[in-house]
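Report on the following structure.
All heavy atoms count here, side chains included; hydrogens, waters and symmetry mates do not.
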Amino acid sequence: MAAGFGGRDAQTRFVKAFFSCFGWRDGEPPGAEIPASLSVVELGRRTTRPVEAVWSERRVLVDVVAPDVVLDAAWSDLLRACLEQSPGPQFVVLTNQRELRLYDLARDRSVPRLATPIDDLPKYSDAFVFLGEGWVPGTTPKIVNVGKVSREVADLVAKLYRSLKAKFPKREAEIIRFTLQCIITMFAEDIGLLPPDYFTTLLYEGARHRDVERRLRELFTLMGTRDVPPPRPVAYFNGGIFAAPVTLPLGDTELTALTRAAEAHWKYVDPHIFGSVFQGIMDDAERHASGAHYTAHDDIMRVVGPTIVEPWRKRIAEAKTLTELLDVRRVLAKFRVLDPACGSGNFLYVAFRELYSLETQLLARIREFPSGQGIGWGSVISTLNFHGIDTNAFAVELAKVTLNIAKKIAFEDRRQKAADASLQGELEVDPSLPLDNLDKNIVCADALFTEWPEVDAIVGNPPMLGGLKIRSELGVTYLEQLQSRYPEVNGRADFCAYWFRRAHERLATGTRAGLVATNTIREGNTREAATDFIVQNGGTITDAVSSQSWPGEAVVNVSMVNWIKGTVPDAPRRLEIEGVVYECKSIPPSLQLQADLRSASPISANTRGTAQGLVLGTKAFQLDRATARTLCADRRARPFLKPIAVASHLLRGRLTQDPDYVIDMTLCTSEAQARQAGSAFEYLKKHVYPAVFEKAETATTEHYKNWLRTWWRPFWPRLEFVAVLTGFDRIIVCSRHAARPVFAFLSRKFFPTESLQLFAFEDDYSFGILQSKAHWLWAVGVGSKIKDDTRYTGDVWDTFPWPQEVSESAVANVAAAARELRATRQRLMEANGWSLRELHQAAEIDGPHPLKDAQRALDEAVAEAYGMPSDQEVTEFLLDLNRCLVEDEEQGRTVTGAGLPPGLDPKDPRWLSDDCIEPPPISE
């Protein structure tokens, strides 16, 4: 069952095999309906929904979906059907033949009691007690928390390592080898490679007789020695790790940690704990600098599945004759995999087990032919076909151990398959020992500056390090080496982009790769260096996850990209966005469904009109309200005291309640002029001048030294933009980093900081265009990302096409809809005590909402102003318009840029109102 079933009636055969595991002859428990159907209501009509099995007596339901279906999505649909049944099932088993989930609806409808790869199912037989012949109704399934056991063991092994490292700081290489010898030995005694409890008993006896180090040395030497006179107490391991056994003196702390780890049930330890161990032994600074982060099994399969498993599954399914099947196996035997940022080997571990499982499926097919009965169950999948590169020496050694453990676990899975087929006698000798020596396969080196082996697939999770952090984390010298080795890559590209580029360069035509990246790979310099490079150089993206939150400690969102060098004719591409999988004809480098807006060009008419807020340069300019009141007593100082506007305060409603203040002397061109501000100037002289002077003295660039000449001004006062705002009572602003479109009119009494994007417009028409869905979709497609938020960049503004040849009535309609949206906001915020952020979050809940209605009315008015066809996707229309406007400008024709269309009176009350966010009086 581990390999899954293919072909006709695959799901039914899987279910019967599943039931047979619990003693039911032919896999058909009495009273179970296989297959079955449920009565459900869809679109107001009664219909039926097929499932694979219903066992009403035991309130059990089993459903099997296609191997490429995401179980989260499948569960949402199946749960609805289950809840319509009366009586409904309690135990629900859902699987895609790769993973299996067990739900107990009496306990929790959303979280499974068990979620496991199919290959690990034998570990959890106690969880399915309700399927056994002797089940007593009401008995609670026993489920071992493998994740918890694995984490506890990981913590203990990490504690051992760190304690030894603190005690013997100059013996790190020996500590690494000793720790790994212990890990292998603890696994070995619980998975049948050593006599049961052999190692644990040794530790007990060694502690009692105070000779642990001697006993460990004898054991490790024996495991590394081939020729030992009989009777041999333990098998020969070697594999390089025991070739030169290492032991160290263990104090009470180390011996306690090691003994407690050995006492754990290692058959319940997921080998992925090696990733946790790896992270646990690295301090935060080291992990941050390397960008190393552990990858969970489900996320690994989003790479290994499309890049390795699915192409091979398809190839096996297409082979019809014995000759074709044997040819497939010969090619499979030569298939080589590389992880160029292998860490502790989790991707290699999963890839090995998946290929081994596929080979089991292939052998089962071969043995269906009479002349294939003579083919044994021995494997042609070798760990020597798997390669890894990493800069961390301990990680490299862990990866070697992980792969050797994978070989044993995969063999046990196949042993079960052979037993199911009543062919136990045809299994060959357990190949797990001796361990394979992988010293030449998995190497400690920098993948960006070393040769990669020739392989058929490249998978992995390169370091997560932003482009701007490479210098600070890895050093100037390393950055210079990168730029010298990869001159085509912009120095601001994220670190992972170099792996994507190198991987594609190393692929041969027809071979594949799949890598994890920070989701900035969808835009800007990182995209140009990575996915753009792939597509422009003969690559085809076949499967991708646009963006998802990283489940580990890294506070980032990631993308997952799988591609082939060449093309895959007539094959749908799968793109996952926010948990929904879409089939599409092609996946663009932006990993988005909508038009690829990165191809948009700047429009000259948009040259002006927006800027980032002012940059103070030091917090010394800021003061609290009490201090501002004190200074306000000086009439000369009063005009220079301004409430400060930052994005977070705008969204949380603080600007109208209790803003902070700043002394703003932006328009003072000389120190003599600044002195006229009285006590405000004296405050700056006391607090700001020393801060600016210190920055100027320690700076390595001229920027701070130049600032010292006008130290009373903000570091970046944006004088040209401020000059444009002369006479304005209000301006449009938005947060530069936003999860949703929230534009607002802000009083000019505020000092807007760099956390805001500023727009030099007072009219409601311009507000309506900026607040529209069309503009937000453009911002999302062209702007960059910070986690889930969109960053409003200059590229968004420069390329955004404004409506052309707009009628006066259309302008008035947009302005009226914009005013109504702001009025709706205000009513709802006052009625509910909400901030802008809370209001927009409330409107995101499913169902009707007044703000949604107001936004919809605005979007319709904006679409009318554009003359946008109802049957064309918004971003496609805007991209076409962008190209037309750029062409018009190249040919000397005038186009309409940002703001009110020319010829209209800017003071016309049809599109000019006066509402805005105002600060409270400073004296209140």
Side-chain angles (χ1 to χ4, degrees), residues 169 172 278-279 282-293 340-343 389-396 443-452 460-506 515-521 523-533 553-556 558 612 615 617-618 691-708 715-716 754 784-787 791 793-794:
E172 184 172 6
F278 173 37
Q279 286 196 311
M282 290 199 302
D283 61 36
D284 289 340
E286 182 180 356
R287 184 162 72 249
H288 193 224
S290 68
H293 291 283
C342 67
I389 305 170
D390 202 276
T391 57
N392 185 284
F394 192 15
V396 166
V443 298
C444 187
D446 188 329
L448 299 182
F449 297 98
T450 195
E451 192 63 28
W452 291 14
N461 178 11
M464 296 180 186
L465 203 59
L468 296 178
K469 292 185 178 180
I470 296 176
R471 178 189 297 270
S472 60
E473 300 289 353
L474 301 179
V476 175
T477 301
Y478 189 86
L479 179 59
E480 291 173 347
Q481 291 172 344
L482 267 183
Q483 292 172 337
S484 175
R485 173 65 178 80
Y486 302 94
E488 309 88 353
V489 178
N490 186 295
R492 292 176 177 267
D494 281 9
F495 203 27
C496 64
Y498 296 90
W499 269 264
F500 275 77
R501 194 180 191 93
R502 188 81 192 275
H504 190 66
E505 290 174 340
R506 293 297 299 165
L515 298 175
V516 181
T518 48
N519 70 351
T520 51
I521 199 168
E523 68 253 349
N525 299 316
T526 305
R527 171 181 149 179
E528 291 174 7
T531 51
D532 276 349
F533 175 80
E553 295 177 14
V555 186
V556 295
V558 300
Q612 184 180 337
V615 180
T618 172
V692 177
F693 182 82
E694 182 181 357
K695 288 177 181 290
E697 287 291 299
T698 58
T700 57
T701 67
E702 294 297 316
H703 298 297
Y704 286 110
K705 295 177 181 178
N706 292 335
W707 184 21
L708 188 60
F715 173 65
W716 197 347
E754 70 273 21
S784 57
K785 294 288 182 186
I786 294 181
K787 202 168 173 55
R791 182 196 282 127
T793 64

Heavy atoms of Lys695 and Trp707 approach each other most closely as CD-CZ3, 3.9 Å
Worksheet item: Under the 3.5 angstrom rule, does the side chain of Asp494 hit a backbone N or O of Cys496 as a donor-acceptor pair?
Response: no
- Query: Donor-acceptor pair, Asp390 side chain versus Gly343 backbone, under 3.5 Å?
  - Reply: yes
Residues Gly617 and Phe715: closest non-hydrogen pair is CA-CB, 3.6 Å
Between Asp446 and Ile389, the two heavy atoms sitting closest are C-CG2, 4.5 Å
CE (Met464) and OG1 (Thr518) are apart, to the nearest 0.5 Å, by 7.5 Å
Quiz prompt | Other residues, nucleotides, ligands: >12 heavy atoms within 6.0 Å of Glu505 CD | solution = yes
Nearest heavy-atom approach of Asn490 to Tyr498 is O-OH, 4.1 Å
More than 12 foreign heavy atoms under 6.0 Å from CZ of Phe449: is that the case here? yes
Report the C-alpha distance between Leu474 and Leu465 in whole Å, list the side-chain angles of each, state the deciding distance to 0.1 Å, and finish with yes or no for side-chain contact (heavy atoms from CB on, under 4.5 Å). CA-CA 10 Å; Leu474 301 179; Leu465 203 59; 3.9 Å; yes
Would the distance check show the side chain of Tyr486 and the main-chain N or O of Leu448 forming a donor-acceptor pair, the cut-off being under 3.5 Å? yes
Distance col, row Thr531:OG1 vs His504:NE2, nearest 0.5 angstrom, shows 11.5 Å
Exercise. Are the side chain of Arg502 and the backbone N or O of Ala447 linked by a donor-acceptor pair below 3.5 Å?
Worked result: yes
- Query: Is there a donor-acceptor pair under 3.5 Å between the side chain of Arg506 and the backbone N or O of Trp452?
  - Reply: yes
Closest non-hydrogen contact found for Ala529 with Val489 is CB-CG1, 3.8 Å
Run Leu708 and Phe693 through side-chain contact (heavy atoms from CB on, under 4.5 Å) and show every step you take. CA-CA 6 Å; Leu708 188 60; Phe693 182 82; 4.1 Å; yes
Here the pair of heavy atoms bringing Trp499 nearest to Pro340 is NE1-O, 3.4 Å
Check: Under the side-chain contact (heavy atoms from CB on, under 4.5 Å) criterion, do Leu482 and Phe495 qualify, and how do the steps go?
Finding: CA-CA 10 Å; Leu482 267 183; Phe495 203 27; 3.8 Å; yes
### Message
Is it the case that atom CZ in Arg485 sees more than 12 heavy atoms from other parts of the structure closer than 6.0 Å?
### Response
yes
Taken in chain and number order and not counting sequence neighbours, the residues that satisfy salt bridge (Lys or Arg N to Asp or Glu O under 4.0 Å) with Glu528 are Arg598
